[in-house]
Number of protein chains: 2
Amino acid sequence: MEDGTQAAGGAKPSRIQLRNRKRILDAALDVFSMHGFRGATLDQIAEASGLSKPNILYYFAGKQEIHVTLLSGLMDTWLDPMREIDPDGEPLEEILRYVHRKLEMSRTLPRESRLFANEILQGAPRIGAGLVTDLKPLVDETAALIETWAAEGRLKPVDGRHLIFSIWATTQHYADFDAQVQALMDGRDTHDEAVVFLDALYRRMLAI
Amino acid sequence: MEDGTQAAGGAKPSRIQLRNRKRILDAALDVFSMHGFRGATLDQIAEASGLSKPNILYYFAGKQEIHVTLLSGLMDTWLDPMREIDPDGEPLEEILRYVHRKLEMSRTLPRESRLFANEILQGAPRIGAGLVTDLKPLVDETAALIETWAAEGRLKPVDGRHLIFSIWATTQHYADFDAQVQALMDGRDTHDEAVVFLDALYRRMLAI
DNA sequence: CCACTTTTTTACCAAATGGTAAAACCACGA
DNA sequence: TCGTGGTTTTACCATTTGGTAAAAAAGTGG
């Protein structure tokens with residue numbers, strides 16, 4: 001009687017389930033990250049995943065569930081670099097390492113970056129709550145850590161939250177606004193240059 | 001026989017035309033900036049503008065024409081602050097003034113910022129050409145100017161294009177990702193703090 | 001090979017959406 | 001006041017879209 005197939009059933013998922021859910025999520029990441037939630041269609045996801053539309057709805061209860069599954073599944077990966085900032089490390093090096101990791105994620109996971117960007121741009125209607133419960137505590141903590149470092153004279157004085165915003169903005173820019181970046185950089189290696197630029201930016205901003 | 005009403009007719013538009021086209025564009029800016037092109041509907045624009053859907057299509061040939069009209073009409077406003085950088089001014093002050101103006105636009109024109117962000121995020125399918133023809137020459141010129149200043153020893157060494165990207169990213173972040181910013185800043189005055197932070201960031205980055 | 005479950009396909013549907021035709025309405029100068 | 005041209009409404013469409021029902025087709029353990 002138990003279903004277990006759809007929703008977040010408790011039973012162990014079969015090999016087929018695992019494979020097809022992964023296919024669907026990967027296709028959906030393509031489509032959602034390109035067109036946003038409302039602009040994406042189940043038909044596009046179906047085509048991109050190689051499954052039929054009803055078959056997709058056999059694995060997920062609806063379009064929205066696919067989207068939410070993607071977002072919440074990605075949240076952890078997305079926040080990992082910030083979690084790895086070591087309070088006992090050398091402040092400037094810790095922050096520069098964070099910048100480099102975020103930039104690297106922009107290069108390797110541009111679809112994920114755009115997925116989040118689309119969601120936030122449109123007011124975060126589907127993960128608004130998650131921002132406060134998952135993101136805020138971590139940001140509060142990290143901002144406090146940065147400001148402690150600054151108060152100890154190990155960094156130049158800085159507002160922790162705005163520093164974090166600026167790191168997000170500058171690193172994710174290369175993924176989110178790639179269309180613009182590409183139009184303006186005639187074939188130059190954007191990311192390699194960005195590493196150098198952002199390293200200098202935050203070093204000059206923060207080094208005592 | 002001449003139409004003159006729809007499309008970009010040559011005849012002088014009547015008062016009613018002027019008023020209603022303005023209403024439509026304002027409503028469309030609300031809707032497009034919130035949902036992106038594909039996520040926006042003519043019915044939403046109709047409701048927001050107080051006109052009926054067919055009436056909207058009397059003034060604009062279609063949904064896409066409204067969108068393109070908005071984008072190209074805004075392009076000039078959007079690029080103005082960069083045009084106002086004075087090659088004969090004091091380099092650091094010119095750049096900081098540019099940062100402040102961009103930030104001010106983020107505060108006063110958040111819908112416009114999100115409209116562009118949505119378009120670029122989704123690959124700039126409707127203004128891709130405009131990026132190269134309108135934006136690129138100006139960016140090339142400004143980047144060259146900045147690097148000339150740096151070469152003259154009036155700024156620290158810096159890649160002009162990446163500096164511009166970072167200014168766009170950090171300033172527009174407060175408009176484009178407002179949902180996130182608001183979720184993380186408990187009622188603090190984001191923009192006033194941002195002025196201080198970004199002033200310090202670019203001063204430390206560029207001051208000799 | 002058989003019964004039983006999981007997976008996939010086929011055939012639909014109702015609502016939403018961009019858009020059109022044409023009639024009705026309205027402003028305003030002759 | 002009447003006609004004429006610009007404006008708005010009413011009544012529609014064809015397509016697209018998210019989603020469903022149910023039958024067909026694999027798997028799968030015994």
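Residue numbering restarts at 1 for every chain, and letters A, B, ... go by the order of the sequence lines. All values reported here derive from a predicted model rather than from experimental measurement.
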Looking at residues 24-32 of chain B, who's got a heavy atom less than 4.0 Å off DNA chain D?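 None, since no heavy atom is under 4.0 Å.
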Separation of atom [atom1] in [X] from atom [atom2] in [N], rounded to whole Å:
X        : N      : atom1 : atom2 : value
Ile56(B) : dT9(D) : CD1   : C1'   : 14 Å
Tyr59(A) : dT6(C) : OH    : P     : 12 Å
Arg23(A) : dT7(C) : CZ    : P     : 13 Å
Leu18(A) : dT7(C) : CG    : C1'   : 15 Å

Please tell me if [X] has a side-chain N or O lying less than 4.0 Å from either OP1 or OP2 of [N].
X        : N      : answer
Gln17(B) : dT7(D) : yes
Ser52(A) : dT8(C) : no
Asn20(A) : dT8(C) : yes

Sequence neighbours left out, what passes salt bridge (Lys or Arg N to Asp or Glu O under 4.0 Å) with [X]? Give chain and number order.
X         : result
Asp159(B) : Arg188(A)
Arg107(B) : Glu104(B), Asp192(B)
Glu94(B)  : Arg97(B)

Under the rule for side chain to side chain donor-acceptor pair (under 3.5 Å), what residues qualify as partners of Thr171(A), not counting sequence neighbours?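 For Thr171(A) there are no side chain to side chain donor-acceptor pair (under 3.5 Å) partners, ignoring immediate neighbours.
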For Arg161(B), check side chain to side chain donor-acceptor pair (under 3.5 Å) against everything at least two apart and list the hits.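 For Arg161(B) the side chain to side chain donor-acceptor pair (under 3.5 Å) partners, ignoring immediate neighbours, are Asp140(B).
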Any N/O pairs under 3.5 Å between the protein and nucleotides 15-20 of chain C? List them or say none.
{"residue": "dG18(C)", "atom": "OP1", "partner": "Ala40(B)", "partner atom": "O", "Å": "3.2"}
{"residue": "dG18(C)", "atom": "OP1", "partner": "Lys63(B)", "partner atom": "NZ", "Å": "3.0"}
{"residue": "dG18(C)", "atom": "OP2", "partner": "Leu42(B)", "partner atom": "N", "Å": "2.8"}
{"residue": "dG18(C)", "atom": "N7", "partner": "Lys53(B)", "partner atom": "NZ", "Å": "2.9"}
{"residue": "dG19(C)", "atom": "OP2", "partner": "Lys63(B)", "partner atom": "N", "Å": "3.0"}

ring-ring contact (aromatic ring centres under 6.0 Å, His included) against Phe177(B), all qualifying residues, sequence neighbours excluded: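 ring-ring contact (aromatic ring centres under 6.0 Å, His included) check on Phe177(B) returns His173(B).
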For Trp149(B), give me all partners under ring-ring contact (aromatic ring centres under 6.0 Å, His included), at least two apart in sequence or on another chain.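 ring-ring contact (aromatic ring centres under 6.0 Å, His included) check on Trp149(B) returns nothing, list empty.
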Per Tyr58(B) side chain, nearest of listed nucleotides dT8(C), dG6(D), dT9(D):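 Taking heavy atoms from C-beta onward, the closest nucleotide is dG6(D).
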Excluding sequence neighbours, so at least two apart, what forms side-chain contact (heavy atoms from CB on, under 4.5 Å) with Asp26(A)?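 Here the qualifying residues are Arg111(A).
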Donor-acceptor side-chain pairing of His162(B) and Tyr174(A) below 3.5 angstrom: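 Indeed, the side chains of His162(B) and Tyr174(A) share at least one donor-acceptor pair under 3.5 Å.
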Quick one: pull up OH in Tyr98(A) and OG1 in Thr142(A) and give me the separation to the nearest 0.5 Å.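 It is 7.5 Å, given to the nearest 0.5 Å.
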Quick test of your reading: applying salt bridge (Lys or Arg N to Asp or Glu O under 4.0 Å), list the pairs with at least one residue in residues 44-62 of chain B, sequence neighbours left out, ordered by first then second residue.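 Qualifying pairs: Asp43(B)-Lys53(B).
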Atom pairs under 3.5 Å, N or O on each side, protein against nucleotides 25-29 of chain C: can you list them with distances?
none

